[in-house]
Student: 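Take this structure, written in structure tokens, and hold onto it; I'll ask about it next.
In what follows, every chain begins at residue 1, and chains take the letters A, B, ... in the order their sequences are listed. The basis for the numbers below is simple: all heavy atoms, side chains too, and nothing from hydrogens, waters or symmetry mates.
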Amino acid sequence: MKNKELAEKLNRVAEYLEMGDVDYKPFAYRRAASSILELEESVEEIYDKEGRKGLEEISGVGKNIADKLEEYILTGEIEHLKTLREKFPVDLKNMLRVEGLGPKSVKKLYENLGVENLEDLKIAASEGRVAEVEGLGEKTEKNILEAIEFLKKDEGKWALGEVLPVAREIYKRLKSLKEVKRISFAGSLRRKKELVGDVDLLVSASKTEKIMKSFTSFPNVEKVLGEGETKSSIRLREGFDADLRIVGEKSFGSALQYFTGSKNHNIKIRKIAKSKGLKLNEYGLFDKKKKIAGRTEKEVYSKLGLTLIPPELREDRGEVEKAQKGEDFSDLCKLEDLKGDLHIHTDWTGGANSLKEMVSAARERGYAWVGIADHTEFLRIENGLSEKELSKQRKEIEKLNSKFEAQNSDFYVMQGCEANILRDGSLDISDKGLKKLDYVIAGMHSGFKMGRIEMTERLIKAMRHPEVDIISHPTGRLIKKRDSLNLDMEKIFKVAEEENVFLEINSSPARLDLKDADIKKCVERGIKLAINSDSHHLNQLENVEFGVGQARRGWAKSTDIINTLSKEDFLSLINN
DNA sequence: GCCGTTTTCGGCCCGACTGTTTTCAGTCG
């Protein structure tokens with residue numbers, strides 16, 4: 001768990017150094033940070049086992065950064081970072097969350113206006129002082145104000161991808177206790193919402209003391225907010241809270257139903273109970289004083305004349321009515337329905353792992369096929385591939401396929417690409433180059449500030465391109481960071497229908513793009529979707545879990561998702 | 001600050017876009 005913290009510290013050093021106009025060192029610190037994030041082992045473990053030498057063997061870590069890692073492991077501080085902070089006493093972490101604001105601008109704002117944090121910045125900008133700083137101007141000031149507004153919108157909310165790994169650690173810790181009979185996440189986390197307020201855990205047990213002790217002594221606890229017999233709360237070092245509730249075995253189902261929500265879903269469910277002369281609360285479903293259900297959620301729903309509604313659907317978007325009619329939701333898409341992943345990067349472009357490594361990791365996941373979709377020319381930073389390089393990659397892919405064939409394996413690797421949609425809607429690679437590929441993904445990676453009409457036309461032009469099959473991360477949003485692009489989604493959906501273009505559900509926890517409401521619209525119109533990991537590292541293949549959660553929140557069935565097809569069916573769909 | 005089919009200093013993914021300027025700095029990917 002410490003790796004993430006350490007990487008963050010190193011990145012922060014890089015940012016402060018950039019503020020101080022230092023060259024190259026920031027790059028070194030960033031590189032070290034990113035290789036630490038990719039380690040399988042924790043830096044602490046490496047240090048325990050192999051000492052300093054082990055630290056220096058981490059790629060990108062030399063003598064100096066090893067010093068800092070050692071210092072942090074031993075003291076929990078990095079003196080160098082403290083010194084840098086004294087020079088520029090600004091809340092860099094939060095200031096840099098403002099889209100469009102980098103270390104250099106933060107420095108200007110601090111030196112000219114004494115801006116140290118977001119509040120200062122907001123005041124300065126709304127008083128018109130930001131525009132007067134040399135190098136900044138009125139538009140920058142306006143953009144800053146808008147970006148701060150956007151940040152404020154999701155204040156106190158955390159991205160599912162940030163919360164879930166920590167939540168799982170707590171879950172595992174509690175589950176290992178013999179006193180714990182049943183355990184589940186509840187709340188928005190269980191509903192797989194893209195933003196969650198906190199971690200809700202529900203446990204059934206008769207003896208609670210040991211469980212509560214284990215919970216409040218979790219290593220990442222910053223503060224115990226409350227500790228009781230049936231309910232405790234902790235604040236984690238990551239910044240969010242976790243709540244644990246313990247109930248009796250006979251109430252686990254009703255409590256789970258109650259604490260999973262959503263609020264609007266539960267209001268509707270309780271109304272149904274009331275209309276039947278029953279009462280529903282976290283302790284059970286009651287007929288007068290007699291408890292008639294509570295042990296399982298299924299029992300509760302069933303006694304109310306409803307089928308069991310999957311947590312991801314519990315938003316009062318029509319699921320209750322469907323459940324009343326007997327719909328069993330079993331065809332909703334599931335992780336195990338995915339037969340492949342169409343959006344995988346390799347070290348041919350910006351990925352961390354080789355083609356071979358990515359392919360074998362995908363194979364180990366139990367996929368039947370996989371699609372490599374590296375960047376094309378325009379994205380120089382990602383070493384986007386030229387037509388010629390794509391042909392070379394193709395040869396390597398064909399080699400892998402022959403190998404699989406020789407092993408009598410049906411596993412198959414397809415070659416696609418993620419082409420860039422330029423400002424005018426054209427692609428950064430020739431039709432001739434695209435024709436050689438099995439399929440084509442296109443996506444927007446630049447030019448985010450365009451008017452609605454222009455932006456919509458741009459995307460539509462790309463969708464109408466005869467070679468384009470899939471649009472990656474269609475709205476371009478970054479969760480808690482950047483709002484969706486200015487697109488007329490109705491028009492986009494219409495063209496997707498006309499052109500048989502598939503829209504991506506990008507599983508990267510930073511994106512989750514399309515969002516649930518858009519997915520639901522696609523499903524209703526019969527537009528097919530692709531759940532892709534957009535992996536740049538083999539650890540990221542498992543991110544499809546987030547995409548599946550998102551798809552389920554959008555009511556997508558397995559038949560709506562093209563990754564559930566066999567390779568043959570997928571290719572014939574693409575070629576028609 | 002790290003790295004080296006460059007042994008010990010010189011190079012370090014780079015182009016588009018935006019908003020500031022009026023030729024370029026900062027940010028993003």
Side-chain angles (χ1 to χ4, degrees), chain A residues 9-11 13-36 55-69 78 80-81 84 92 95-109 112 125 130-147 345 347-352 374-386 389 418-424 426 428 443-451 454-455 458 472-473 476-478 481-483 485 506 508 510-511 513 534 536:
Chain A
K9 299 277 176 207
L10 296 182
N11 277 324
V13 171
E15 288 153 3
Y16 278 111
L17 289 172
E18 264 173 352
M19 269 181 90
D21 284 322
V22 179
D23 282 331
Y24 300 114
K25 287 188 191 183
F27 175 76
Y29 276 96
R30 287 222 169 82
R31 188 172 48 183
S34 86
S35 74
I36 283 175
L55 296 181
E56 283 182 42
E57 272 166 19
I58 299 170
S59 125
V61 175
K63 212 182 151 310
N64 273 288
I65 294 183
D67 278 343
K68 270 114 196 158
L69 299 181
I78 296 175
H80 186 49
L81 183 56
L84 287 167
L92 250 192
M95 297 268 288
L96 292 180
R97 286 171 57 213
V98 177
E99 172 80 356
L101 211 57
K104 301 289 164 93
S105 306
V106 170
K107 184 185 180 193
K108 276 185 195 160
L109 289 164
N112 288 285
V130 169
E132 282 159 20
V133 175
E134 203 183 332
L136 307 176
E138 275 182 33
K139 277 202 179 170
T140 306
E141 183 173 85
K142 193 171 149 259
N143 285 340
I144 286 175
L145 277 173
E146 281 173 12
H345 295 276
D347 62 4
W348 279 73
T349 62
D374 268 319
H375 292 290
T376 47
E377 206 133 0
F378 166 92
L379 274 188
R380 294 313 307 165
I381 182 91
E382 297 271 358
N383 185 36
L385 303 180
S386 66
E389 288 166 315
E418 185 183 19
N420 291 289
I421 302 172
L422 305 174
R423 282 187 69 94
D424 64 356
S426 65
D428 65 338
M444 297 196 274
H445 295 94
S446 63
F448 297 142
K449 285 198 186 293
M450 277 168 75
E454 215 189 342
M455 184 72 92
R458 170 189 181 187
S472 57
H473 41 73
R477 70 147 174 190
L478 295 175
K481 175 84 180 164
R482 183 173 70 211
D483 209 349
L485 298 177
N506 189 293
S508 160
R511 291 192 185 269
D513 183 8
D534 197 358
H536 288 71

Student: If you check every side-chain atom of A:Phe27, which of B:dC13, B:dC28, B:dC2 has the closest atom?
Tutor: B:dC13
Student: Name the residue closer to the 5' end of DNA chain B, choosing between A:Lys104 and A:Ser446 according to the nucleotide with the nearest heavy atom.
Tutor: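 Residue closer to the 5' terminus by nearest nucleotide: A:Ser446.
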Student: For the C1' atoms, the ones on B:dG4 and on B:dC14, what distance do you get once it is rounded to whole angstrom?
Tutor: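 It comes out at 22 Å once rounded to the nearest Å.
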Student: What nucleotide among B:dC13, B:dT27, B:dC28 has an atom nearest to a side-chain atom of A:Lys481?
Tutor: B:dC28
Student: Mind calculating the distance between CG (A:Asp21) and P (B:dA25) to the nearest angstrom?
Tutor: 11 Å
Student: Give me the distance, rounded to whole Å, that separates B:dT18 from B:dG1 when you measure between the C1' atoms they each carry.
Tutor: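 Roughly 31 Å separates the two C1' atoms.
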Student: Map A:Ile58 and A:Leu96 onto DNA chain B by nearest heavy atom, then report which one ends up closer to the 5' terminus.
Tutor: A:Ile58
Student: What's the shortest heavy-atom distance between A:Ala32 and A:Ile65, and which atoms?
Tutor: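 It is CB-CD1, 3.8 Å.
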Student: Rounding to the closest angstrom, what is the interatomic distance between B:dG26 and B:dT21 at atom P?
Tutor: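 Rounded to whole Å, the distance is 13 Å.
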Student: I need the CE-P distance between A:Met95 and B:dG26, as an integer number of Å.
Tutor: 15 Å
Student: Between A:Glu18 (CD) and B:dT27 (C1'), how many Å, whole number?
Tutor: 10 Å
Student: Grab the CG-C1' distance between A:Leu485 and B:dC28 for me, whole Å please.
Tutor: 13 Å
Student: Pick the C1' atom in B:dG19 and in B:dC12, then give their distance to the nearest Å.
Tutor: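 The same atom, C1', in both gives a distance of 28 Å.
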Student: Does a nitrogen or oxygen in the side chain of A:Lys107 sit under 4.0 Å from OP1 or OP2 of B:dG26?
Tutor: no
Student: In Å, rounded to the nearest 0.5 Å, how long is the span from NE2 of A:His473 to NE2 of A:His445?
Tutor: 3.5 Å
Student: Could you give the distance separating B:dA16 and B:dT5 at their P atoms, to the nearest angstrom?
Tutor: 31 Å
Student: Using atom P in both nucleotides, what's the gap between B:dT7 and B:dA25 to the nearest angstrom?
Tutor: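 Roughly 35 Å separates the two P atoms.
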Student: Are side-chain N/O atoms of A:Asn420 and A:His375 paired as donor and acceptor at under 3.5 Å?
Tutor: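 Looking only at side-chain atoms, A:His375 and A:Asn420 do not form any donor-acceptor pair under 3.5 Å.
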Student: Without decimals, in angstroms, what is the distance between A:Ile421 CD1 and B:dG29 P?
Tutor: 16 Å
Student: Does a side-chain N or O from A:Arg482 land closer than 4.0 Å to OP1 or OP2 of B:dG29, or not?
Tutor: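 Yes, because at least one side-chain N or O of A:Arg482 sits under 4.0 Å from OP1 or OP2 of B:dG29.
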Student: Report the distance from atom CG of A:Leu69 to atom CD1 of A:Ile58, rounding to the nearest 0.5 Å.
Tutor: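 Reported value, rounded in 0.5 Å steps: 6.0 Å.
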Student: Working to the nearest 0.5 angstrom, can you tell me the gap between A:Leu96 CG and A:Leu101 CG?
Tutor: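 If we round to the nearest 0.5 Å, A:Leu96:CG and A:Leu101:CG are 6.5 Å apart.
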Student: For a quick check of understanding: with a heavy-atom distance under 4.0 Å over all strands, which category does A:Lys25 fall into, base, sugar-phosphate or nothing?
Tutor: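 Base contact.
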Student: Applying the Watson-Crick and G-U wobble criteria at under 3.5 Å, what pairs with B:dG1? Answer none if nothing qualifies.
Tutor: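 Matched B:dG1 with B:dC12 under the 3.5 Å cut-off.
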Student: Rounded to whole Å, please give me the gap between OH in A:Tyr24 and C1' in B:dC13.
Tutor: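 Checked: the OH to C1' distance equals 12 Å.
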Student: About how many Å separate CG of A:Leu485 and CE of A:Met455, when rounded to the nearest 0.5 Å?
Tutor: 4.5 Å
Student: Looking only at non-hydrogen atoms, find the nearest pair between A:Asp513 and A:Gly476 and report the distance.
Tutor: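 So the minimum-distance heavy-atom pair works out to OD2-N, 2.7 Å.
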Student: Kindly determine whether A:Asp534 and A:Ser508 satisfy side chain to side chain donor-acceptor pair (under 3.5 Å), including the steps that lead there.
Tutor: CA-CA 7 Å; A:Asp534 197 358; A:Ser508 160; 5.9 Å; no
Student: Can we say A:Glu18 and A:Arg30 salt-bridge, meaning some charged N sits less than 4.0 Å from an Asp/Glu carboxylate O?
Tutor: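 The answer is yes: the pair qualifies as a salt bridge.
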Student: Could you tell me the separation between the CZ atom of A:Arg97 and the C1' atom of B:dC28, rounded to a whole number of Å?
Tutor: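 Nearest whole value for this atom pair: 18 Å.
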Student: What contact category does A:Lys68 fall into here, base, sugar-phosphate, or nothing, at under 4.0 angstrom with non-hydrogen atoms?
Tutor: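 A:Lys68: backbone/sugar contact only, no base atoms under 4.0 Å.
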Student: For atom C1', what is the distance between B:dT6 and B:dG10, given to the nearest Å?
Tutor: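 Comparing C1' positions in B:dT6 and B:dG10 gives a spacing of 9 Å.
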Student: For B:dT27, does either OP1 or OP2 sit under 4.0 Å from a side-chain N or O belonging to A:Ser105?
Tutor: yes
Student: Can you give one letter per nucleotide of nucleotides 18-23 of chain B, 5' to 3': B if a protein heavy atom sits under 4.0 Å from the base, S if only from the sugar-phosphate, - if neither?
Tutor: SSS---
Student: If anything within 90° of 0 is syn and all else is anti, what is B:dT18?
Tutor: anti
Student: Select base, sugar-phosphate, or nothing to describe what A:Pro26 touches, counting heavy atoms under 4.0 Å on all strands.
Tutor: nothing
Student: With rounding to the closest Å, how many angstrom separate the C1' atoms on B:dG11 and B:dC17?
Tutor: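 Pairwise C1' distance, B:dG11 against B:dC17, rounds to 27 Å.
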Student: What does A:Leu17 touch in the nucleic acid at a heavy-atom separation under 4.0 angstrom: a base, only the sugar-phosphate, or nothing?
Tutor: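 The residue A:Leu17 makes no contact with any strand.
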Student: Could you state the atom-to-atom distance from CZ of A:Arg30 to C1' of B:dG1 in whole Å?
Tutor: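 Checked: the CZ to C1' distance equals 13 Å.
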